[in-house]
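Note that the structure is predicted; figures quoted are calculated from it, not measured.
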Amino acid sequence: MAAVFHANKEQWALALETGRRHLAGKTVTLRTPVLPLSTFYRAEDYHQKYYLRRHAELVREFSGYGEQQFTDSTVAARLNAYVSGHGTLEAMEAEFDRFGLSAAGGKRLRELAAAALSRRRR
């Protein structure tokens, strides 16, 4: 589940304002809930990076990682977001070199992200 959690009114207001700025001039609706911070329960590892796990060729890019390293990886989180249609292709390209992907992995990420973003815009 994608969500933004806030601990106080200031964080709540900042989350809403950030969402408004992100959607300025767009015709889509923000669907990410902004919820009060409470007890957090981490999902089982096999639920982590759900969209990324559907693409074995990208998961193989993390072959040297243990399960905990993979689920905690910032790069894996970013790839998961892009293959699920979040973000923009421009943002992905701006951070692309930091992902450390092989040529084949990079090509596949670009294909998957473009397709996912295209589906989300419909």
Side-chain angles (χ1 to χ4, degrees):
M1 171 182 167
V4 174
F5 296 97
H6 64 87
N8 55 47
K9 289 181 181 181
E10 292 79 22
Q11 289 179 355
W12 175 80
L14 180 60
L16 293 180
E17 179 56 30
T18 301
R20 284 188 202 104
R21 273 189 278 123
H22 177 71
L23 294 176
K26 298 178 183 171
T27 58
V28 295
T29 303
L30 183 63
R31 296 182 188 159
T32 304
V34 179
L35 305 168
L37 183 62
S38 62
T39 303
F40 180 81
Y41 299 95
R42 182 183 171 109
E44 293 85 1
D45 286 343
Y46 64 90
H47 288 296
Q48 303 291 331
K49 314 302 184 276
Y50 173 79
Y51 295 99
L52 179 58
R53 286 181 189 271
R54 296 168 60 189
H55 304 286
E57 65 278 22
L58 287 178
V59 173
R60 279 194 295 275
E61 298 283 330
F62 298 89
S63 63
Y65 286 48
E67 186 62 35
Q68 187 73 45
Q69 288 174 298
F70 176 72
T71 60
D72 289 348
S73 168
T74 301
V75 170
R78 301 300 297 148
L79 300 188
N80 188 67
Y82 290 123
V83 300
S84 66
H86 293 84
T88 65
L89 293 177
E90 295 80 15
M92 183 184 73
E93 290 299 333
E95 63 179 329
F96 193 84
D97 290 341
R98 291 183 288 200
F99 297 152
L101 299 173
S102 67
K107 180 177 187 263
R108 186 66 176 140
L109 173 62
R110 286 180 168 115
E111 294 167 353
L112 292 168
L117 288 166
S118 175
R119 282 191 302 275
R120 285 185 65 86
R121 289 187 182 123
R122 290 185 203 153

Could you give the distance from [atom1] ([X]) to [atom2] ([Y]), rounded to the nearest 0.5 Å?
X    : Y    : atom1 : atom2 : answer
E95  : R98  : CD    : CZ    : 5.5 Å
R60  : L101 : CZ    : CG    : 13.0 Å
Y82  : L58  : OH    : CG    : 14.0 Å
L117 : L89  : CG    : CG    : 5.0 Å
T71  : L52  : OG1   : CG    : 11.5 Å
L79  : E61  : CG    : CD    : 8.5 Å

* **Check: Q48 main-chain N/O paired with R53 side-chain donor or acceptor under 3.5 Å** => yes
Please report, to 0.1 Å, the donor-acceptor pairs under 3.5 Å made by any side chain of residues 5-19, with sequence neighbours excluded.
| from | atom 1 | to | atom 2 | distance (Å) |
| --- | --- | --- | --- | --- |
| H6 | ND1 | N8 | O | 3.4 |
| N8 | OD1 | E10 | N | 3.1 |
| N8 | OD1 | Q11 | N | 2.8 |
| Q11 | OE1 | A7 | N | 2.6 |
| T18 | OG1 | L14 | O | 2.8 |

* Asked: Which heavy-atom pair separates A116 from S84 by the least distance, and what is that distance?
  -> CB-C, 3.9 Å
* Structure fact -> Here the pair of heavy atoms bringing Q69 nearest to G66 is OE1-N, 2.8 Å
Crowding at [atom1], [X] (>12 non-hydrogen neighbours, <6.0 Å):
X   : atom1 : value
F96 : CZ    : yes
R42 : CZ    : yes
H47 : NE2   : yes

* Asked: Heavy-atom distance under 4.5 Å between the side chains of R110 and E93, does that happen here?
  -> yes
* Asked: Do L112 and E57 touch side chain to side chain, with heavy atoms closer than 4.5 Å?
  -> yes
* L37, L35: one ILVMFWY side-chain cluster at the under-4.5 Å cut-off? -> yes
* Asked: Can you name the residues that form a side chain to side chain contact (heavy atoms under 4.5 Å, CB included) with S73, not counting sequence neighbours?
  -> F62, Y65, V75, A76
